[in-house]
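The structure appears right after this line, and notes come after that.
Everything quoted here is computed from the prediction, not taken from an experiment. All heavy atoms count here, side chains included; hydrogens, waters and symmetry mates do not. In this chain, residues are counted from 1 in sequence order.
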Amino acid sequence: MAAEPTAHALLQKHRPTLDQALEAIRTRAYWSPHPEHPKAYGENGSLDAAAGKAAFDALLGNRLDLADQPGIDDWVGGEVSPYGIELGVTYPHPDIDVLLPAMRAGQRAWRDAGAELRAVVCLEILKRISDRTHQFAHAVMHTSGQAFMMAFQAGGPHAQDRGLEAVAYAYAEQVRTPEQAEWTKPQGKRDPLVLTKRFTAVPRGIGLVIGCNTFPTWNGYPGLFASLATGNAVLVKPHPRAVLPLALTVRIARDVLAEAGFDPNLVALAAERPGEGIAKTLALRPEIRIIDYTGSTAFGDWLETSAHQAQVYTEKAGVNTVIVHSTDDYQGMLSNLAFSLSLYSGQMCTTPQNLLIPRDGIATDQGHKSFDEVTADLARAVDGLLGDDTRANALLGAIVNPDVKARLEAAAGLGEVALASREVANPEFPDAVVRTPVIVKLDGAKPDDEAAYMSECFGPVSFAVAVDSAADAVELLRRTVREKGAMTVGAYTTDAATEQAVEEACLEEAAQLSLNLTGGVYVNQTAAFSDFHGSGGNPAANAALTDSAFVANRFRMVEVRREA
């Protein structure tokens, strides 16, 4: 267990932040301890922009040393940035028969440390990650293809917020039961029955985090910190195209754990050889008792049905839908949708795909607009937003992999193109693949078109789907969420009955809804401590980031009773 001065120092340093996080998840008000602006860094040990870029550059072409991690049997790598740079970083490859037993060895002391000390150790890990946000931004950018500012914010402070949110929920659930209780049961004239009871939060075992390519930290941190804060060791298996951000995270976590007096092997890295498919092997190991996964529906379904020994949390694919019925701010609606469709080239699990628009058109503050006018005006809004190549690069980033590019190119053949995708040159990174979104018109009444819009087309592809009425739009929304799932739903309407019908459909199908967004908040963005990412109630995900259900089953309460 950690030495008392170290524990005391961590509690003094981080307990106020933990208390603020607990208050934030209670009130759901805006709060974040992690600055979003790059200029906020450079003091109190944090890296400024130049130092962060230099720290990233120093990693390229070198081993990321985790030499004290047990069972290293090889060094592997091969990441190529979507911007065209070969990273050349190599990582330790594990002999899992050696690594997994070593990870279990430190769990007893970590369990006995208690919820509060575990929480502040996690907060120290997050603080050191935050101090290196500029370095992480480049690592996320060059593995995910996000533009720098998005990589900085989503891969840095927003990911750190989600990690802290998971710690707060984990702590709250563990301390819901007291550590000790005196139990006295009266027996009338006889002496009462008296017991002393001690309650301990006991971890399930080793947690496995299976990382994703597009948001390695934002999607990886909730599961990592939820499992660690509840007493479990955590094995991080990054996506082979996005190892670096999570490998840096593991290295920092191991350093903090060791300095706090715990076994650094409580957090370890499992990088893989090309085509090895180590995630499937690890997922079935009996030592793995928790799995967090973000990625394809096929593998997520396999995990849920095959990894019987583990508690499995998945975020999979969905078909996100926006109903466009009517609006009192037509230009605001178009601008908001254009940004939502363009951000990170639509490579977000929350990006709208299907825009359901009545075929007879919509009522607006600028008069009636036909279906064709709405689609044409939205196309112009996207063109206007992305007309300048500098701004386009800053919003779009780069296409993350060839599969996304192939889907984008194939989408133009699915129907009438309202907005054609164009290639954008990136002068700083000439080999980057940058494309603007495509919008394709489809008919909701045609079975051939249904095959397209009822399947997820991940990337900068959206379908303007003509429907007969608002009621038909709501029914199609309901069926889409029920059958395919959705991480987000949006709606634009000035009609109270339509709004109520959309809301009721989302409540019944457990989909997160955004209504009439016309300003600086977008359907594909969620804020930690306030917004739930996913619901866990439809096929897109079996868990929400972050709620009590996401953390409560990562540990069990074990009771020891004694007669007083």
Would you say the side chain of Arg251 lies within less than 4.5 Å of the side chain of Leu66, judging by non-hydrogen atoms?
yes
Is there a donor-acceptor contact under 3.5 Å from the side chain of Thr314 to the main chain of Lys316?
no
Within 6.0 angstrom of Glu86 CD, more than 12 heavy atoms from elsewhere:
no
Strictly below 4.0 Å, N to O, side chains only: are Lys53 and Asp48 in salt-bridge contact?
no
Residues Asn219 and Glu315: side-chain donor-acceptor under 3.5 angstrom:
yes
Could you walk me through whether Asn62 and Val89 pass the side-chain contact (heavy atoms from CB on, under 4.5 Å) check?
CA-CA 5 Å; Asn62 292 306; Val89 185; over 6 Å; no
When you check the gap from the basic side-chain N to the acidic O, do Lys197 and Glu179 get nearer than 4.0 Å?
no
Does a side chain donor of either Thr488 or Gln512 reach within less than 3.5 Å of an acceptor in the other side chain?
no
Consider only side-chain N and O atoms of Glu79 and His142, and report whether a donor and an acceptor are under 3.5 Å apart.
no
Donor-acceptor pair, distance only, cut-off 3.5 Å: does the side chain of Thr350 make one with the backbone of Asn524?
yes
Measure the shortest side-chain to side-chain distance between Ile125 and Leu228 over non-hydrogen atoms and say whether it is less than 4.5 angstrom.
yes
Give a yes or no on whether the backbone of Thr143 and the side-chain of Asn213 come within a donor-acceptor separation of less than 3.5 Å.
yes
Tell me, yes or no, whether the heavy-atom count around Arg128 atom CZ, taken from other residues, nucleotides or ligands under 6.0 Å, exceeds 12.
yes
Can you check whether Tyr344 reaches Thr214 side chain to side chain, under 4.5 Å on heavy atoms?
yes
Lys/Arg-Asp/Glu bridge criterion (N-O < 4.0 Å) met for Glu272, Lys237:
yes
Going through the distances and angles, do Tyr41 and Phe152 end up as a ring-ring contact (aromatic ring centres under 6.0 Å, His included)?
CA-CA 12 Å; Tyr41 298 82; Phe152 183 92; 5.6 Å; yes
Would you please test Ile290 and Ile206 for side-chain contact (heavy atoms from CB on, under 4.5 Å) and show each step?
CA-CA 6 Å; Ile290 304 165; Ile206 298 175; over 6 Å; no
Close side-chain approach of Cys122 to His14, heavy-atom, < 4.5 Å
no
For the residue pair Arg162 and Thr526, confirm or rule out a side-chain donor-acceptor distance under 3.5 Å.
yes
Positive for side chain to side chain contact (heavy atoms under 4.5 Å, CB included) with Phe199, one of Thr177, Val558, Val560:
Thr177
Min side-chain heavy-atom separation His8-Lys13 under 4.5 Å
no
Ignoring hydrogens and angles, tell me if any N or O in the side chain of Gln347 forms a donor-acceptor pair with the backbone of Phe458 under 3.5 Å.
no
Answer yes or no: does atom CZ of Arg28 have more than 12 heavy-atom neighbours from other residues, nucleotides or ligands under 6.0 Å?
yes
Tell me whether Gln309 contacts the main-chain N or O of Glu287 through its side chain, where contact means a donor paired with an acceptor under 3.5 Å.
no
Charged N to carboxylate O below 4.0 Å: is that the case for Arg554 and Glu173?
no
Please determine if Glu124 and Lys127 form a salt bridge, counting it only when a charged side-chain N lies under 4.0 Å from a carboxylate O.
no
Could you measure the distance from the CG atom of Leu117 to the OG1 atom of Thr6? Nearest 0.5 Å is fine.
9.5 Å
Please indicate whether Asp97 has more than 12 foreign heavy atoms, meaning atoms of other residues, nucleotides or ligands, lying under 6.0 Å from its CG.
yes
Asp161 (side chain) donor-acceptor with Ser32 (main chain) under 3.5 angstrom:
no
Measure from the ring center of Phe215 to the ring center of Tyr221 and say whether it is less than 6.0 Å.
no
Between Gly223 and Val209, the two heavy atoms sitting closest are C-CG2, 4.2 Å
Criterion side chain to side chain donor-acceptor pair (under 3.5 Å) on Glu182 and Thr196, from CA distance to verdict:
CA-CA 5 Å; Glu182 299 296 327; Thr196 298; 3.0 Å; yes
Contact check, side chains of Ile25 and Tyr169, non-hydrogen atoms, under 4.5 Å
yes
Is the side chain of Ser530 donor-acceptor paired with the backbone N or O of Ala29 at a distance under 3.5 Å, no angle test?
no
Say whether Gln311 and Asn553, considering side chains only, have a donor N or O and an acceptor N or O under 3.5 Å apart.
yes
Residues, nucleotides or ligands: over 12 heavy atoms within 6.0 Å of Gln180 CD:
yes
If you take the centroid of each ring, where Trp contributes its six-membered ring, are Tyr293 and Tyr313 closer together than 6.0 Å?
no
Going by an N to O cut-off under 4.0 Å, is there a salt bridge joining Asp263 and Arg254?
no
Sub-4.5 Å side-chain heavy-atom contact between Ile129 and Gln160:
yes
Less than 4.5 Å apart, side chain to side chain, heavy atoms only: is that true for Ser227 and Val234?
yes
Mutual orientation of the aromatic rings belonging to Phe56 and His138 [parallel < 30°, tilted 30-60°, perpendicular > 60°]:
parallel
Is there a donor-acceptor contact under 3.5 Å from the side chain of Asp74 to the main chain of His93?
no
I'd like to know if the side chain of Ser345 reaches the main chain of Leu396, judged simply by a donor and an acceptor atom lying under 3.5 Å from each other, with no hydrogens or angles considered.
yes
Keeping Ser306 on the side-chain end and Leu303 on the backbone end, is there a donor-acceptor pair under 3.5 Å?
no
Under 6.0 Å from the CD atom of Glu559, do we count more than 12 heavy atoms belonging to anything else shown?
yes
Intermediate values then yes/no, side-chain contact (heavy atoms from CB on, under 4.5 Å), Leu100 and Leu235
CA-CA 9 Å; Leu100 292 178; Leu235 180 59; 4.0 Å; yes
